[in-house]
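Here is the structure we will look at, set down as structure tokens.
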Amino acid sequence: DGHMLISNPPAANPEMLNIGLSNFTFEAWIKTDQIQSNGRLFLKMSQTENSGYSLRLLGGKLWAHYFAEDSTNTQFSATPCQGVNNLSDGLWHHVAVSVERGAQIQLYEDGAPTTACTVDGESFSLVNSGIPTFGGNFDSNYSNIDPFDGMIDDAFFWKSARSETEIIGEMCGNPNTTHTDLLGYW
């Protein structure tokens, strides 16, 4: 088990995964190697710009959060949203977070909506120079300080808030990798 840094985007797409004010969805299949697993599944943030978003396991439960800081160092944060099921059981689970900016964060576990958290009127941009990562969080020395102990497969990042029907429709089938809202598939 390790981590993966997603290389800097190619010159043709310098804004990859900088979603600004857009809605977004991240989804993947995960399997933990131990009971009560913690760790980052996906993270895009910059330690110097203090903005980004994260999907992780905490106490075996899915947890999503996004945050930013403006030029006056005023912090803006969407309420962290926590799932309901313990996913640290050594089995494969499909997880998704669908974010409709200014409205809600919806978590899905194995295709079923589990938790919806209201987000009131935030309008901060999620643009930073951080390198997106799977399986951990890194300090300034690139040491993995929040490793995910398990496997991650078929990860998707969409620049839209995907519906339950869309998530279920592609979760077990062949995904449409030519969709215009698909920013990444790993």
Side-chain angles (χ1 to χ4, degrees), residues 1-33 37 39-46 51-57 62-67 78 81 83 85 87 91-101 104-115 125-138 142 144 146-186:
D1 296 321
H3 63 276
M4 179 175 78
L5 296 171
I6 301 171
S7 64
N8 287 328
N13 188 10
E15 298 294 316
M16 182 180 175
L17 305 187
N18 274 335
I19 55 174
L21 300 173
S22 297
N23 298 332
F24 64 96
T25 302
F26 175 80
E27 59 183 303
W29 284 92
I30 65 166
K31 180 180 178 185
T32 59
D33 286 345
S37 181
R40 302 279 176 183
L41 300 171
F42 181 77
L43 173 71
K44 174 137 174 34
M45 71 170 275
S46 165
S51 71
Y53 45 90
S54 169
L55 185 65
R56 65 171 298 159
L57 285 187
L62 191 61
W63 191 85
H65 184 220
Y66 62 99
F67 52 92
C81 196
N85 298 310
L87 303 177
L91 302 174
W92 282 100
H93 294 279
H94 187 269
V95 297
V97 56
S98 180
V99 178
E100 186 178 348
R101 301 290 300 273
Q104 78 172 6
I105 299 172
Q106 176 67 61
L107 298 180
Y108 295 87
E109 298 169 2
D110 294 322
T114 58
T115 306
S125 179
L126 292 175
V127 173
N128 66 58
S129 62
I131 298 172
T133 60
F134 289 109
N137 183 11
F138 302 91
Y142 291 98
N144 194 345
D146 194 12
F148 171 69
D149 190 14
M151 294 182 278
I152 302 171
D153 195 17
D154 289 333
F156 292 84
F157 194 93
W158 305 88
K159 193 173 184 176
S160 62
R162 306 275 287 168
S163 69
E164 179 180 2
T165 301
E166 290 171 314
I167 289 170
I168 291 172
E170 294 187 10
M171 145 178 144
C172 294
N174 294 323
N176 178 0
T177 57
T178 62
H179 195 285
T180 58
D181 285 342
L182 182 61
L183 296 180
Y185 170 56
W186 303 272

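We're numbering straight along the sequence, starting at 1. Remember, predicted model here, so these are calculated numbers, not experimental data.
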Nearest-0.5 Å distance that lies between atom CG in Asn85 and atom CG in Asp110: 8.0 Å
Between the side chain of Glu109 and the main-chain N/O of His93, is any donor-acceptor distance below 3.5 Å? no
Looking only at side chains, do Ser54 and Arg40 share a donor and an acceptor under 3.5 Å apart? yes
Please examine the side chains of Thr32 and Asp149, heavy atoms only from C-beta on, and report whether any two atoms are closer than 4.5 Å. no
Does the side chain of Asn23 come within less than 4.5 Å of Val99's, by heavy atoms? no
Can you check whether Trp29 reaches Met151 side chain to side chain, under 4.5 Å on heavy atoms? no
Test applied, ring-ring contact (aromatic ring centres under 6.0 Å, His included); reference residue, Phe24; option that passes from Trp158, Phe42, Tyr53: Tyr53
Give the intermediate values and the outcome of side-chain contact (heavy atoms from CB on, under 4.5 Å) for residues Phe156 and Leu182. CA-CA 7 Å; Phe156 292 84; Leu182 182 61; 3.7 Å; yes
Donor-acceptor contact below 3.5 Å, side chain Thr25 vs main chain Arg162: yes
With a 4.5 Å heavy-atom cut-off, do Tyr108 and His94 have their side chains touching? no
Check whether any side-chain heavy atom of Val95 lies under 4.5 Å from a side-chain heavy atom of Leu87, and answer yes or no. yes
Under 3.5 Å: donor-acceptor pair, side chain of Ser98, backbone of Gln106: no
Sidechain-backbone polar pair: Glu166 side chain, Ser163 backbone, donor-acceptor under 3.5 Å: yes
Which heavy atom of Trp92 sits nearest to which heavy atom of Lys31, and what is that distance? NE1-CD, 3.4 Å
Smallest heavy-atom separation, Ala96 atom then Glu27 atom, equals CB-CB, 3.6 Å
In short, Leu107 meets Gly83 closest at the heavy-atom pair CD1-N, 3.3 Å
Would you say Asp154 and Trp186 make side-chain contact, with heavy atoms under 4.5 Å? no
Would you indicate whether the side-chain heavy atoms of Leu57 and Ile30 approach each other to under 4.5 Å? yes
Atom CD1 of Ile105 and atom SG of Cys81: how far apart are they, to the nearest 0.5 Å? 5.5 Å
Interatomic spacing from CH2 in Trp63 to OG1 in Thr115 - rounded to 0.5 Å: 13.5 Å
Of all heavy-atom pairs linking Glu164 and Pro113, the shortest is OE2-CD, 3.4 Å
